[in-house]
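Note that the structure is a prediction, hence the values are computed from the model and not measured. Chain identifiers are assigned alphabetically (A, B, ...) following the order of the sequence lines, protein sequences preceding nucleic acid strands; residue numbering begins at 1 within each chain.
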Protein chains: 2
Amino acid sequence: MLFTAAEENYIKSIFHLQEDGSLVSTNAVAANLHTSAASVTDMLKKLKSKKLVSYEKYKGFKLNTEGKKTALIIIRKHRLWESFLVNTLQFGWDEVHEIADQLEHIQSKKLVDKLDEFLGYPKFDPHGDPIPDSNGKMHEQIQTSLAELAIHESGEISALGNPSSALLELLQHKQIQIGTNLIVEKIFSFDQSMEIKMNNELLFTISHELAKNLFIKKR
Amino acid sequence: MLFTAAEENYIKSIFHLQEDGSLVSTNAVAANLHTSAASVTDMLKKLKSKKLVSYEKYKGFKLNTEGKKTALIIIRKHRLWESFLVNTLQFGWDEVHEIADQLEHIQSKKLVDKLDEFLGYPKFDPHGDPIPDSNGKMHEQIQTSLAELAIHESGEISALGNPSSALLELLQHKQIQIGTNLIVEKIFSFDQSMEIKMNNELLFTISHELAKNLFIKKR
DNA sequence: AATAAATTTTAGACAAATCTAAATTTATTC
DNA sequence: GAATAAATTTAGATTTGTCTAAAATTTATT
């Protein structure tokens with residue numbers, strides 16, 4: 001099923017506003033999209049007829065299963081394009097949102113999947129938000145970042161937050177990879193840098209910035 | 001000045017139809033964009049009011065200087081995105097046109113310039129068409145068709161005469177692409193078909209029809 | 001519980017881009 | 001050069017997405 005850019009913007013907005021399973025209000029969406037409440041009502045009728053939301057007059061609304069699936073496809077595109085803009089084209093993380101808001105509406109599943117592959121299947125975008133995979137599944141942040149580990153805790157590196165070329169270069173040089181075992185030996189309160197023992201032998205100092213981008217399966 | 005996707009499509013179409021400085025007809029644009037003549041007339045009034053075309057009722061029309069400048073910006077975007085899709089994301093050159101037709105409408109000069117830089121400032125797109133630089137200047141290329149080469153002459157494929165999907169499919173299958181080096185080994189007077197050695201190893205027979213559609217930079 | 005306030009929906013209008021059918025202008029042919 | 005054909009424009013409608021103002025409904029407050 002294909003949707004217009006306007007429809008997709010409403011779907012995305014509703015998704016972000018229905019944090020848990022709660023109902024969303026007309027005014028909330030209107031404020032979020034900088035549009036009028038009347039426009040939201042109009043669009044809701046359309047989304048209801050397309051079976052993406054459950055909605056009854058005056059009672060609030062929320063995305064149904066199909067609507068959520070659609071939202072995740074759009075969010076996947078948005079976050080992959082943001083990753084591309086920051087990691088590949090060297091944009092600052094603060095200047096990519098507007099452009100990604102346009103790029104997310106490009107219609108081509110193959111393009112998105114090839115972009116994902118090119119970027120190295122990143123799990124998180126430059127803002128640290130999780131990127132849904134091609135089935136709409138997100139790596140829920142059950143994964144702990146290394147930065148959240150306490151002293152003497154140990155685990156195994158399971159994912160990279162943001163596989164930019166700069167990060168990959170650093171990891172390559174230090175021979176850190178997915179599967180590497182580590183234990184936190186010390187944390188300096190001054191800059192929150194950590195001393196980490198890798199595979200029971202090598203001792204590294206790791207910046208807080210880097211630690212936030214290394215995801216760990218605890219043991 | 002910003003334009004809608006619809007406006008940009010008409011501007012691009014008129015640009016391609018006014019080869020030299022000739023006037024373009026309503027029907028020609030309608031056919032090119034698969035729309036009705038009435039729609040073209042409507043849009044022409046709009047483009048005239050925005051001072052992009054010179055146009056008088058029933059007399060034909062053409063882009064003025066500002067219109068041509070705008071067209072070149074759109075064409076630059078289209079061809080850079082095609083280069084990205086083929087060179088970076090490994091799309092076949094026969095499957096990128098539709099996607100580039102969407103991407104060319106993304107509004108961000110900075111994005112286009114950064115993409116250009118990332119791609120290494122390419123002068124020609126995967127179909128061999130010249131890419132305007134950020135000032136709208138194109139590297140015009142004096143090209144010979146393969147059919148005009150004499151025996152033992154050599155060169156490099158630099159463009160396609162008529163990149164139809166049928167032609168693209170043939171080239172894709174034979175792994176012939178822009179940049180492929182070749183030398184004419186033999187020409188059969190019977191049907192003017194040629195034996196061509198590609199990249200100093202592969203030997204192909206090429207029909208006169210195909211040779212006329214392959215443009216060569218001689219060496 | 002009645003009234004006031006806030007929220008939401010409806011009604012009617014508008015701009016963009018498109019269409020079909022009819023009218024107009026230009027081109028062609030006998 | 002008049003009749004006919006082709007191309008172009010106009011007139012009137014339609015769809016999408018938006019708006020404002022008014023009406024309907026829900027929620028909050030005396």
Q. In dot-bracket notation, what is the pairing pattern of DNA chain D, taking Watson-Crick (N1-N3 plus N6-O4 or O6-N4) and G-U wobble (N1-O2 and O6-N3) contacts under 3.5 Å, with [ ] crossing and | for other strands?
A. ||||||||||||||||||||||||||||||
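- Taking atom NZ of A/Lys48 as the reference point, atom P of C/dT8 lies 16 Å away to the nearest angstrom.
- Cation-pi geometry between B/Lys114 and A/Phe91 is met: the NZ or CZ atom falls under 6.0 Å from the ring centre, inside 45° of the normal.
- Listed nucleotides C/dT8, D/dT18, D/dT20 differ in distance to A/Tyr10; the shortest reach to its side chain belongs to D/dT18.
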Polar atoms only, N or O, under 3.5 Å: list the protein pairs with nucleotides 9-16 of chain C and their distances.
{"residue": "C/dT9", "atom": "OP1", "partner": "A/Tyr55", "partner atom": "OH", "Å": "2.4"}
{"residue": "C/dT9", "atom": "OP1", "partner": "A/Tyr58", "partner atom": "N", "Å": "3.0"}
{"residue": "C/dT9", "atom": "OP2", "partner": "A/Thr26", "partner atom": "OG1", "Å": "3.0"}
{"residue": "C/dT9", "atom": "OP2", "partner": "A/Thr41", "partner atom": "OG1", "Å": "2.9"}
{"residue": "C/dT9", "atom": "O4'", "partner": "A/Tyr58", "partner atom": "OH", "Å": "3.4"}
{"residue": "C/dT10", "atom": "OP1", "partner": "A/Lys57", "partner atom": "NZ", "Å": "2.8"}
{"residue": "C/dT10", "atom": "OP2", "partner": "A/Lys45", "partner atom": "NZ", "Å": "3.0"}

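- Taking A/Ala37 as the reference, A/Thr26, A/Asn27 meet the side chain to side chain contact (heavy atoms under 4.5 Å, CB included) condition, with sequence neighbours excluded.
- Neither OP1 nor OP2 of D/dA6 sits under 4.0 Å from any side-chain N or O of B/Asn27.
- The ring pair (Phe, Tyr, Trp, His ring centres under 6.0 Å) check on A/His16 picks up nothing, with sequence neighbours excluded.
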(Q) Run B/Leu146 and B/His208 through side-chain contact (heavy atoms from CB on, under 4.5 Å) and show every step you take. (A) CA-CA 9 Å; B/Leu146 175 53; B/His208 187 58; over 6 Å; no
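- Aromatic pair B/Phe84/A/Phe84: ring centres closer than 6.0 Å.
- Between A/Ser36 and the phosphate of D/dC19, there is a side-chain N or O to OP1/OP2 separation shorter than 4.0 Å.
- Between A/Asp101 and A/Lys12 there is a salt bridge, with a side-chain nitrogen of the basic residue lying less than 4.0 Å from a carboxylate oxygen of the acidic one.
- For A/Glu209, there are no side-chain hydrogen bond (donor to acceptor under 3.5 Å, both in side chains) partners at least two apart in sequence or on another chain.
- Dashed line: the shortest gap from a side-chain N or O of B/Thr35 to OP1 or OP2 of C/dC19 is under 4.0 Å.
- A side-chain hydrogen bond (donor to acceptor under 3.5 Å, both in side chains) check over residues 47-64 of chain B, counting only residues at least two apart or in different chains, returns the pairs B/Glu7-B/Lys50.
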